[in-house]
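Okay, so here's the structure we're looking at.
First the proteins, then the strands, lettered A, B, ... as listed; each starts at 1. Here the structure is a predicted model, which is why all the values come from computation and not from measurement.
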Amino acid sequence: MDHSNRTSRRNLLAGTALAALAAALPKGAAAAAGGEIIFVQGSNPPSLDAMSTSSQASRNINMNIYETLYGFSEHTAPIPILAETVVVSDDGLTYRFPLRKGVKFHNLKEMTAKDVKASLERYRKVGATSNLLEAVKSIDITGDYEVTLTMHQATPTFLESFCSPRAPAVIIPEEDALAEAGKTSIIGTGPYKYVEYVPDSHVKLTRFAEYSQDTRMPDIDGFGGRKTAYLDTVTFRIMPEPGAQTAALEAGEVHIVEEISVPAGKRMEKNPNIKVYKNMPWAMLTLIMNLDVAPTNNPKFREAVQVALNMEEVMALATAGFYELDHGWQYKGTPYYAGDIGKSYYNQHDVARAKKLLAEAGYKGEEFSILTDSNYTEHNKAAVVIAGNLKAVGINAVINQVDWPTALKIRLQPTGWHGWTLMLGIEPYVGPVALVSTFTGKRPLFVKNDRELDVLYQELVIGKTVAARKVTFAKIQKRLYEFFGIIKLGDTGQMQAARSSVEGYRPFRFPRLYNVRVKA
Amino acid sequence: MLRFLVRRLLSAIPVLAVVSVVTFLIIWIVPGDVTAEIAGPDATPAQIVRLRQELGLERPLLERAMVWYGHLLHGDLGRSYLLNRSVAAAVIERLPVTLSLVALGLLLSVVMGMLLGILAAVRHNTWIDQAATSVALLGLSVPDFWFGLLLIVFFGVQLHWLPTGGFVPLTRDPVGWLRSMTLPSLTLAFTQMGVLARMTRSSMLDVLGQDYIRTARAKGMQAWVVIFRHALLNALIPIVTMVGILTGVLLGGAVVVESVFSLPGVGRLIIGAIQRRDFPIIQGGLLITAATFVFVNIAVDILYGWLDPRVRDDR
């Protein structure tokens, strides 16, 4: 498959050009190192072993400590980080990754192919999303600074999956590779290195003075690019109480808050000492149906639900007004966005048509139980508005609100629920394969498989080019708007806030605390 | 005295046994488990079953109970599913935070509550009595999380006098520790002092009406000597009993206060464990908390005997 050879050549040329541009930048562009930043998040990281957890709280910290061979750019395209490039064989069976030389771990050991092989082998055993290496038959060292992955069969979407930051396939020293999940020595190659973790209090990182900067680009780009650790220390403070988080920010005790409430954000926008950031889109709010029980096993009934819903009302209340209405099953502006397909079915709020569809479905007032949880406000508020919309068309909607672990237990049961409100954040971000895999397989989110979606998923996985996969994804989006197993309600955002003294902070899928400075 | 102490310590064993059994049964009844946290919302039933098997959650209740009690007899409270450390280590490293908070909260609530109670009793049926009673009632009525946030906004955000949250270990920086504990312990104390103020007031009113107090006054004894040496000492017995009960209430209240002020204490540990169904932490954490409460009450009983020789002699 020579397209990858072309890609790598193009990467190399682009890298050289950007490096030249970077060299041409005035020296003053690089500010002096120093200072401390305190970033606030609501929950503890379950683990700082990046491979073994898919938690956002962990990812926030881990992606400042560790790096991967490849990662997503700002626009969700795979870019090399610890790899120089990737060379894919014509038959698509081997992926050769030449590595960047001189990259140092936090223990000052240089990264070689041995570390990469050991890390990826460990990922197959303990990785929270180890299935992303399922397609890999073997991992071989083909040079001191080169590893080659051999596939069971050609898997064109491999590189995209490999870039997934959900539970990233980070590179750690070979000595750590035998450690059980959660028991590594927390050593990576990233711009900050681990100092201490006091659960329920904080995680402290310090600048890695010997960080091997990727000079191929002039600036950071998504998960990669030219990273500079300006700060001496980075502290992630764990503060569960939202009111206390904003108070600490207003008092100047902390610098950035991961997520603030929308009303607090609107109030703080007037404060000259604080800057509010809008990270949009962050997640998709959805209503998932249980296809295994009546009345949701009837496509006409599901269509009636889709037609009855007023997405604007649902999203406005669920997100306190911080939302975007969009029908797409990929975020706008990303490579797989499928245009207007399904748009005519989105946000109809057509009471008369919904009633007609219910009559066609032979609906006799059976209960429609909406499962939701108390932990995520968006989930439970959306459930309330959905129930109201559905009652207005004559559906006997009831809400079953429980806590998060109980909701997850109930949703795994084949009965006892009909609809379930859930935000999908990282899955749509990672790309169509990650998203659609949750709709297929042995246990799709909507309990029962849709044969057509299963077939389309297989077509998506073997699509040789982005263009080919985009065509397939458009078919998938069309099918989702015919089948109504899952209803997209809208896109939600993440409102963040920082002291105005913080410079260079750009919201992303995790807080990039490199290339950030704090004015004295 | 020694026999009394041994008897009280032995009586703690069935109490703790009941606590552990009840905790075990509650955990068994509560739906959901830690696999939800580990595997995430799109896990398949097969993945969940595999995880449950790995964690031993598929075993029958009796077998799980026997394993747990077997370990407990060897002094092992088990290992957290999520924290990658033993339950004992997780609780013990947070215990100084909670004990600091409860001890300071108790001290402040006793001092403020008793002063308000004494003031109200001595100036019975005056505006001072009414004002003191109103403050006590306000403390009882105000939710602790709200009062805590109010203190944060006023002393942290507006005046910048005290930190809005976080914990500084006493061993690292005693002044920092005191600063970090002031607002949380004040929150805890304010919401609990009302009970003590009311108890002190009624106790003092009983005692102040006694003949020996009148005699002491008639002898021309100074007012403060009459109040603090003669009246208060005799009014202390019911108050000390209340302090024992209050410790339990403060341990419970610490959960909310730790969350509001971002203190890494045992309360937050247990709440987090309940939310994520980290069963070993729930079991071990509650057992240690119950043990703390039981031992504080034993200490109160001993103090009770010291304060009232009649009680000591009865034993």
If you tally heavy-atom pairs under 4.5 Å against chain B, which of [options] wins?
{"options": "A:Pro199, A:Pro46, A:Ala244", "answer": "A:Pro199"}
{"options": "A:His202, A:Glu250, A:Lys183, A:Arg411", "answer": "A:Arg411"}
{"options": "A:Thr53, A:Asn44, A:Leu408", "answer": "A:Leu408"}

Ignoring hydrogens and angles, state whether a donor on the side chain of [X] or [Y] is under 3.5 Å from an acceptor on the partner side chain.
{"X": "A:Asn375", "Y": "B:Gln275", "answer": "no"}
{"X": "A:His255", "Y": "A:Glu36", "answer": "no"}
{"X": "A:Arg267", "Y": "A:Ser261", "answer": "no"}

Q. What orientation do A:Trp417 and A:Trp420 show, parallel under 30°, tilted 30 to 60°, or perpendicular over 60°?
A.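 Judged by the thresholds at 30° and 60°, the geometry between A:Trp417 and A:Trp420 is perpendicular.
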
Q.
Does the structure place the NZ or CZ of A:Arg509 under 6.0 Å from the centre of the six-membered ring of A:Trp282, at an angle of no more than 45° from the ring's axis?
A.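 Verdict for A:Trp282: a cation-pi partner in A:Arg509.
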
Q | For B:Ile26, side-chain contact (heavy atoms from CB on, under 4.5 Å) partners two or more places apart | A |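 Counting only residues at least two positions away or on another chain, B:Ile26 forms a side-chain contact (heavy atoms from CB on, under 4.5 Å) with B:Val22, B:Val30.
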
Q: Using a 4.5 Å cut-off on heavy atoms from C-beta on, say whether the side chain of A:Ser52 contacts that of A:Ser47.
A: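 A side-chain contact under 4.5 Å exists here.
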
Q. Considering only heavy atoms from C-beta outward, does the side chain of A:Tyr194 approach that of A:Leu48 to under 4.5 Å?
A.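 Yes - at least one pair of side-chain heavy atoms lies under 4.5 Å apart.
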
Q: Taking side chain to side chain donor-acceptor pair (under 3.5 Å) as the test, write out the residues that go with A:Arg122, two or more places apart.
A: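 Testing A:Arg122 for side chain to side chain donor-acceptor pair (under 3.5 Å), a comparison that skips the adjacent residues, returns A:Asp49.
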
**Q.** residues 439-449 of chain A: residues contacting chain B (heavy atom under 4.5 Å, by number)
**A.**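 Listed by number: A:Arg443, A:Leu445.
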
(Q) Are there residues of residues 421-438 of chain A whose heavy atoms fall under 4.5 Å of chain B's heavy atoms? If so, which? (A)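 From residues 421-438 of chain A, the residues near chain B are A:Leu422, A:Glu427, A:Thr438.
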
So which part of [X] gets closer than 4.5 Å to some heavy atom of chain A, the side chain, the backbone, both or neither?
{"X": "B:Leu269", "answer": "both"}
{"X": "B:Leu162", "answer": "backbone"}
{"X": "B:Gln158", "answer": "neither"}

Q. Under the criterion side chain to side chain contact (heavy atoms under 4.5 Å, CB included), which of A:Val40, A:Ile38, A:Val254, A:Val203 is the partner of A:Thr235?
A.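 The option that passes is A:Ile38.
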
Q | A:Ala128, part contacting chain B, at a heavy-atom distance under 4.5 Å | A |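 No part of A:Ala128 comes within 4.5 Å of chain B.
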
Q | Full working for salt bridge (Lys or Arg N to Asp or Glu O under 4.0 Å) between B:Arg94 and A:Asp200 | A | CA-CA 9 Å; B:Arg94 287 164 171 84; A:Asp200 288 332; 3.2 Å; yes

(Q) Quick test of your reading of the model: are A:Asp403 and B:Arg277 salt-bridged, counting only N-O distances below 4.0 Å? (A)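 A salt bridge is present here (some side-chain N lies under 4.0 Å from a carboxylate O).
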
